[in-house]
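Treat the numbers as computed from the prediction; the structure is a model and nothing was measured. Every chain is numbered from 1 and lettered A, B, ... according to where its sequence line falls, protein lines coming before strand lines.
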Protein chains: 2
Amino acid sequence: MNETLHARIRADVEARIVSGQWPPGHRIPYEHELTALYGCSRMTVSKALGELGRAGLIERRRKAGSFVRRPLAQSAVLEIHDVAAEVASLGAAYGYKLLSRVRRRATARDRERIAVAQGAPLLALACRHDADGRPFCLENRLIHLEAAPEAAQASFVDQPPGAWLIARIPWTAAEHRIRATSADVAADALDLPPSAPCLVIERRTFQGDRAVTAVTLTYPGAAHELIARFSPGPLTTR
Amino acid sequence: MNETLHARIRADVEARIVSGQWPPGHRIPYEHELTALYGCSRMTVSKALGELGRAGLIERRRKAGSFVRRPLAQSAVLEIHDVAAEVASLGAAYGYKLLSRVRRRATARDRERIAVAQGAPLLALACRHDADGRPFCLENRLIHLEAAPEAAQASFVDQPPGAWLIARIPWTAAEHRIRATSADVAADALDLPPSAPCLVIERRTFQGDRAVTAVTLTYPGAAHELIARFSPGPLTTR
DNA sequence: GACCGCAATATGTCTATACATTAAAGTGGA
DNA sequence: TCCACTTTAATGTATAGACATATTGCGGTC
């Protein structure tokens, strides 16, 4: 249990907050008081309080002091895995099949899915990921060929486009939308009745302001779960 | 655009990484080199690199230096709102109805949902959240009465238990599971055909090691979306 | 009393320095 | 060659002090 000093102070203050000893709105002792209390420098106290501030547990106001905050909208960290890695982690054999590959200019419908200019060059892919020979996930992807020109040369017959892109095209931001639907048009490809529930993840990836790719992953049935954990702060060392 | 120095260094290094100029595995200049490069003290450089390390962009090894990491499983920040706030943000009128309220000792089935000892005192609640008079979300909740004894006195007729708990019971960790199902048993309460797809969010909340509450939220149909954003680092100051 | 300006004060950031920790690299002997 | 030991070079954490910045509240003026 070799704790650093600032981590100890942070944990100590956090304990008083979560135990209710310092309720929301309570003013935390000033830095110089904590300095005396823990017998350390102000930098160290400041580091601990700064972490608590970034973690959202307290609010720091100049001149006024630091105050215990009421937890607001909670945010959780959602881990989104690569499909192949996900299948492997289930101990199943991974399979991949390219269903279609079309190069075209962006239509109005495409532009609802990916933010590109009208007529921008796109590669539209459909493929299926299998686990132990059974359909695991259906993937529909658009790749913006201005952002990833090398994709035009790739066949994607042997390698899923997700892994290919991650290895080659840098990106800076992504947005995920998660919803439930019924299998409908995906029913055939997934070997399901059309009314079966599916979990759909849409991911849009950007390079600065430019859209790189948009992908729709359809997972059949109630079997697939996404797991998100609340992160108490940005400080969990890896 | 008043940036602090260490934030500027961090952004600078991050830019080189995401642009591909410094590929995965590349050794980042040593702290003392960056010190010379940016004309600042080692503490400041160390702070910037420490943040990048915690953000997972680089790996720091004593004596060896800091190295660009290959992006692993990407993690996104999922904002999970209070149901009432969610309905309000849609511009709809919020309604709430308590469907059932039972106090009991934990059964084996309860213990699959919430991590408590056998026979622990629980409060089991079912309620419905409405938007403009139509069912918006069905909530099934277990409250551990050892962690939240005051809940035994609350009626939950007028106030949804989520808001009540957040205001009173401190918690430290939460886990969310997201999946798709068909409406099934929830069909009646939600006024849906049993085959309709639903998005289900299960949330377990803890106080240290002790379970506080477990809640299952069932959102009908494809209308409801969860949105998660990739966070380049844990450092977004509030 | 309402308003404005100023001083007091708590936090925010940075520097320079010191020492601790750890792991790579070098050294020497069996 | 291989192993144990020492050296060294990098990061990790802490200190004290300095200055910057924001905000509260006081006091003076109109």
With the threshold set at 4.0 Å, does a side-chain nitrogen-carboxylate oxygen contact exist between Glu202(A) and Arg113(A)?
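The answer is no: the pair does not qualify as a salt bridge.
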Answer yes or no: is there an ion pair linking Glu51(B) with Lys47(B), defined by an N-O contact shorter than 4.0 Å?
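Here Glu51(B) does not pair with Lys47(B) in a salt bridge, since their nearest N and O are not under 4.0 Å apart.
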So does His6(B) get a side-chain nitrogen or oxygen closer than 4.0 Å to the phosphate oxygens (OP1/OP2) of dC14(C)?
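Yes, because at least one side-chain N or O of His6(B) sits under 4.0 Å from OP1 or OP2 of dC14(C).
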Is it true that Ser66(B) and Arg27(B) share a donor-acceptor pair across their side chains at a distance under 3.5 Å?
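No pair is found: no donor N or O on one side chain lies under 3.5 Å from an acceptor on the other.
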In whole angstroms, how far is the [atom2] atom of [N] from the [atom1] atom of [X]?
{"X": "Glu59(B)", "N": "dT22(C)", "atom1": "CD", "atom2": "P", "value": "16 Å"}
{"X": "Leu5(A)", "N": "dC19(C)", "atom1": "CG", "atom2": "P", "value": "18 Å"}
{"X": "Arg8(A)", "N": "dT13(D)", "atom1": "CZ", "atom2": "P", "value": "16 Å"}
{"X": "Met43(B)", "N": "dC19(C)", "atom1": "CE", "atom2": "P", "value": "17 Å"}

Minimum side-chain heavy-atom gap Arg177(A)-Ile201(A) below 4.5 Å:
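When only atoms from C-beta onward are counted, Ile201(A) and Arg177(A) do not touch, as no gap falls below 4.5 Å.
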Answer yes or no for Arg128(B) and Phe136(B): cation-pi contact, defined as NZ/CZ to six-membered ring centre under 6.0 Å and angle to ring axis within 45°.
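Because its charged atom misses either the 6.0 Å distance or the 45° angle limit, Arg128(B) does not stack over Phe136(B).
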Restricting to nitrogen or oxygen on both sides, can you table the protein-nucleotides 7-12 of chain C pairs closer than 3.5 Å?
| unit_1 | atom_1 | unit_2 | atom_2 | d |
| --- | --- | --- | --- | --- |
| dT9(C) | O4' | Lys63(A) | NZ | 3.3 |
| dA10(C) | O4' | Lys63(A) | O | 3.4 |
| dT11(C) | OP2 | Glu31(A) | N | 3.2 |
| dT11(C) | O2 | Arg62(A) | NE | 3.2 |
| dG12(C) | OP2 | Arg60(A) | NE | 3.4 |
| dG12(C) | OP2 | Arg60(A) | NH1 | 2.3 |
| dG12(C) | OP2 | Arg60(A) | NH2 | 3.3 |
| dG12(C) | O4' | Arg62(A) | NH2 | 2.7 |
| dG12(C) | O6 | Arg42(A) | NH2 | 2.9 |

Option among Tyr219(A), Tyr96(A), Tyr94(A) that satisfies the side-chain hydrogen bond (donor to acceptor under 3.5 Å, both in side chains) test with His129(A)
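It is Tyr94(A), the one option of Tyr219(A), Tyr96(A), Tyr94(A) that forms the side-chain hydrogen bond (donor to acceptor under 3.5 Å, both in side chains) with His129(A).
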